[in-house]
Amino acid sequence: MQQLRQLERDHPGIPIPPDSPTRRVGGAPREGFVKVPHSAPMLSLDNALNEAELMDFDRRVRELLGDESYQYTAELKLDGLSMAVHYEAGNLALALTRGDGAVGEDVTANALTLRTLPLRVADPPFPKFEVRGEVIMTHAAFERLNNDRREQGLSLYANPRNSAAGSLRVLDPSITASRQLEYHAYYLLVDGRPALDSHWDSLELLTRMGFKVNPKRARIAGIEPLLDYCRQRGAERESLPYEIDGVVAKVDSIPQQERLGWTAKAPRWAIAYKFSARQADTVLENIDVQVGRTGVLTPVARLKPVVVSGVTVTNATLHNEDYIRELDLMIGDTVVIERSGDVIPKVLRVARQGAERRPFSMPAECPVCGAPVLRAEGEAASRCVNSSCPARLKETILHFSARPVMDIDGMGDALVDQLVERGLVKSVADLYQLTAEQLSGLERMGGKSAAKIVANIATTRERPFARVIAGLGIPFVGERTAQLLAEGLGSMDELMSAPEGRLQLVEEVGPKVSESIRRFFAESHNQELVARLRGVGLRFESDGPARAQAGPLLGLTFVLTGALPTLTREQAKEMIEAAGGKVTGSVSKKTSVVVAGEEAGSKLDKARDLGIPVWDENELVSRINS
Ligand code: IVH
């Protein structure tokens with residue numbers, strides 16, 4: 001990008017094509033959000049990738065300003081996503097993501113949930129103003145989120161920046177609210193122009209107005225002190241609670257900024273000094289395989305210890321077999337690893353092939369239980385086929401006991417290891433049969449704590465039905481989906497028997513989730529598990545009523561006739577009722593729709609006579625889904 005931009009600068013005679021990537025600023029707004037034009041374009045900044053480039057920038061500024069003196073305001077470059085927030089009469093009125101720079105996406109409902117963003121500014125200095133700043137997620141919030149997602153069997157976010165973006169740009173504001181995002185302001189505008197004559201003064205005013213403004217800011221004259229500021233911030237980088245990727249230096253005076261002006265993409269009065277990426281070379285000494293709760297085998301790189309920006313790295317995830325093949329990675333190679341805000345470092349590529357390199361292959365047998373390992377067609381993951389593999393069982397028990405699921409206090413790693421290794425627990429249902437005597441025989445377990453744990457387990461019989469669903473560990477069914485399923489279906493019996501079409505009537509349940517649920521309950525050992533959990537007295541029903549008072553079929557009266565290809569008569573009836581419709585036995589003028597299958601008889605004829613619409617099963621399901 002830097003080179004292309006330089007070429008374009010060096011050849012002013014050649015017109016820059018309208019689709020040159022140098023003109024592109026960000027991603028296009030995604031569907032589902034209302035698009036709103038920005039008061040002034042949200043452009044990005046040019047980068048200085050080293051000290052020499054920062055000095056070049058300073059030289060250009062000096063030359064363009066003639067002999068005038070000038071100052072910089074230097075700030076941290078926060079690694080999140082930018083958001084513009086408009087206030088009217090002191091009230092937060094509109095929040096926009098950057099979008100494509102010219103047009104943003106309206107995320108007001110989500111922005112309202114950010115606690116660091118004032119909803120109201122008392123005694124506003126301007127009747128209308130706009131604040132621009134960065135939405136970020138702290139390392140702590142990021143790790144909490146990913147831990148929760150891991151427990152729920154959901155995919156993990158790669159870094160705090162992606163998860164901040166994923167948390168802000170969701171259609172459901174309650175998700176944003178749960179994610180603990182922060183907003184740091186760095187720009188104050190009125191009618192699309194800087195509000196005051198000094199950027200520094202704007203930041204001070206923003207602080208007084210109640211915005212969070214990064215405290216590491218400094219007003220600096222001269223390139224040497226600016227370089228010092230950059231070096232200090234670089235040294236502090238690892239100890240900050242959030243991710244930064246550099247320093248932003250802005251010419252402080254707005255009149256001077258105006259004289260310096262803008263290129264098509266970025267201001268000439270500001271620069272982003274980027275810290276070097278946190279990469280290092282090291283030797284891949286071995287590849288181990290770990291088995292997770294769903295039986296997925298994950299290859300893990302064992303690395304020759306190497307210090308990357310102050311942290312010693314010894315392991316990195318390799319995701320799956322394909323990832324290793326795509327990188328053409330072999331044991332003994334020297335690899336480039338990167339820490340990018342995530343706790344788990346990544347292997348980016350092979351730097352040098354090892355002299356005696358040795359290929360990795362996924363073991364044919366599970367390293368924990370020895371059962372066969374299978375890789376389903378079209379899937380990247382290899383799985384241990386043994387559903388009672390001790391590795392899976394341990395992870396399953398930990399998941400079942402986790403805080404957002406059944407919340408069994410005291411059920412930690414060490415205890416679960418012993419329970420599984422001594423054969424005391426072979427399924428989560430066995431937890432409810434444990435006695436204090438059995439537990440007090442375990443290492444580091446006194447009689448008192450044993451009794452306590454038995455009591456803790458007993459109290460989980462009162463946990464709501466939604467948590468029981470989450471505890472089953474159905475792939476793709478996390479805490480939230482479990483809640484929606486509990487509300488939508490009302491009981492375990494319904495959940496176990498509902499056809500996929502019915503499951504998909506539940507909010508957020510698509511084909512992937514419905515198929516996973518059906519497949520889970522089709523397995524006999526899962527049916528046994530459910531039967532045992534019923535036997536120990538867990539709650540198998542929701543509190544609230546499950547019947548729909550609304551839905552796409554509300555007010556319509558249906559008659560079913562003939563044999564439908566996949567649904568039984570009873571299931572079709574339930575689906576219609578769940579979608580707000582009513583089912584009666586005979587066709588009359590009051591009938592809205594006749595749903596006909598094979599060998600439909602006189603009812604179908606009568607419907608045709610009366611001019612009543614006739615649907616097949618497909619039509620019924622797609623109407624309900626729409
Ligand atoms: S000033 C024209 N200040 O970096 C002024 N940006 O590449 C542009 N960023 O899109 C923004 N911290 O998302 C500014 N203290 C800071 C910043 C900052 C992070 C981001 C912002 C912008 C990108 C520029």
Side-chain angles (χ1 to χ4, degrees), residues 143 146-147 149-150 153-159 162 276-396 398 413 417 420-421 475:
E143 263 159 49
N146 258 358
N147 281 340
R149 292 180 69 87
R150 191 175 296 117
L154 299 172
S155 62
L156 302 187
Y157 284 110
N159 53 50
N162 288 0
S276 53
R278 294 174 297 183
Q279 299 181 353
D281 287 4
T282 187
V283 178
L284 175 64
E285 294 186 324
N286 209 347
I287 298 179
D288 283 349
V289 172
Q290 283 175 352
V291 188
R293 169 165 63 87
T294 51
V296 172
L297 275 67
T298 305
V300 178
R302 301 294 178 211
L303 304 164
K304 187 172 169 202
V306 61
V307 178
V308 191
S309 50
V311 174
T312 306
V313 173
T314 50
N315 301 321
T317 176
L318 292 169
H319 306 292
N320 53 51
E321 247 182 327
D322 289 351
Y323 186 78
I324 296 173
R325 187 163 318 126
E326 276 157 28
L327 295 179
D328 183 27
L329 190 63
M330 293 193 198
I331 298 160
D333 288 350
T334 298
V335 294
V336 182
I337 60 160
E338 181 179 64
R339 293 183 57 221
S340 55
D342 196 356
V343 268
I344 307 163
K346 289 190 198 65
V347 174
L348 293 184
R349 59 178 181 275
V350 174
R352 276 185 310 285
Q353 298 192 343
E356 286 165 39
R357 58 201 305 253
R358 166 159 81 76
F360 165 82
S361 54
M362 205 39 112
E365 282 155 15
C366 172
V368 177
C369 73
V373 167
L374 286 186
R375 181 173 165 179
E377 211 167 300
E379 267 193 39
S382 307
R383 289 170 206 269
C384 164
V385 299
N386 177 8
S387 58
S388 45
C389 169
R392 294 180 64 167
L393 183 55
K394 283 179 194 171
E395 294 295 326
T396 303
L398 286 170
D413 266 317
D417 277 356
V420 172
E421 272 150 31

Requested in this report: Indicate yes or no: at least one non-hydrogen side-chain atom of Ile324 is less than 4.5 angstrom from one of Ile287.
Outcome: yes
Query - Partners meeting salt bridge (charged side-chain N to carboxylate O under 4.0 Å, His left out) with Glu285 (sequence neighbours left out) - result: none
Requested in this report: Can you sort out the partners of Arg352 under salt bridge (charged side-chain N to carboxylate O under 4.0 Å, His left out), two or more places apart, ordered by chain and number?
Outcome: none
**Report entry** Nearest non-hydrogen partners of Cys384 and Leu297, listed with the distance
**Finding:** N-CD1, 3.5 Å
**Report entry** Shortest non-hydrogen contact between Pro390 and Val420, atoms and distance
**Finding:** CB-CG1, 4.0 Å
Query raised in the report: To the nearest 0.5 Å, how far apart are CD in Glu395 and CG in Asp413?
Result: 8.0 Å
Query - Asp333 CG to Leu284 CG distance, which is reported to the nearest 0.5 Å - result: 7.0 Å
Go through the structure and list residues passing side-chain contact (heavy atoms from CB on, under 4.5 Å) with [X], not counting sequence neighbours.
X      : value
Val306 : Ala280, Thr282, Val308, Val313, Ile337
Pro359 : Met330
Gln279 : Ala277, Val336, Glu338, Leu348, Arg349
Ala391 : Val291, Val368, Cys389

Query raised in the report: Which residue pairs pass the ring-ring contact (aromatic ring centres under 6.0 Å, His included) test when at least one of the two sits in residues 316-339, sequence neighbours left out?
Result: His319-Tyr323
With [X] via side-chain hydrogen bond (donor to acceptor under 3.5 Å, both in side chains) - residues at least two apart:
X      : value
Glu321 : Arg375
Asn320 : none
Glu421 : Lys394

Query raised in the report: Which side-chain hydrogen bond (donor to acceptor under 3.5 Å, both in side chains) pairs, counting each pair once, include a residue from residues 296-305, with sequence neighbours left out?
Result: Asp288-Arg302, Arg302-Asn315
Query raised in the report: Applying salt bridge (charged side-chain N to carboxylate O under 4.0 Å, His left out), which residue pairs with at least one partner in residues 383-392 are found, sequence neighbours left out?
Result: Glu379-Arg383
Report task. Please assess Phe360 against Met362 for the test side-chain contact (heavy atoms from CB on, under 4.5 Å), listing each intermediate value before the final yes or no. Result -> CA-CA 7 Å; Phe360 165 82; Met362 205 39 112; 4.1 Å; yes
Query raised in the report: Pick from Asp322, Asp328, Leu329: which one makes a side-chain contact (heavy atoms from CB on, under 4.5 Å) with Arg325?
Result: Asp322
Requested in this report: Among Leu303, Leu327, Asp281, find the residue that satisfies the side-chain contact (heavy atoms from CB on, under 4.5 Å) test when tested with Val335.
Outcome: Leu303
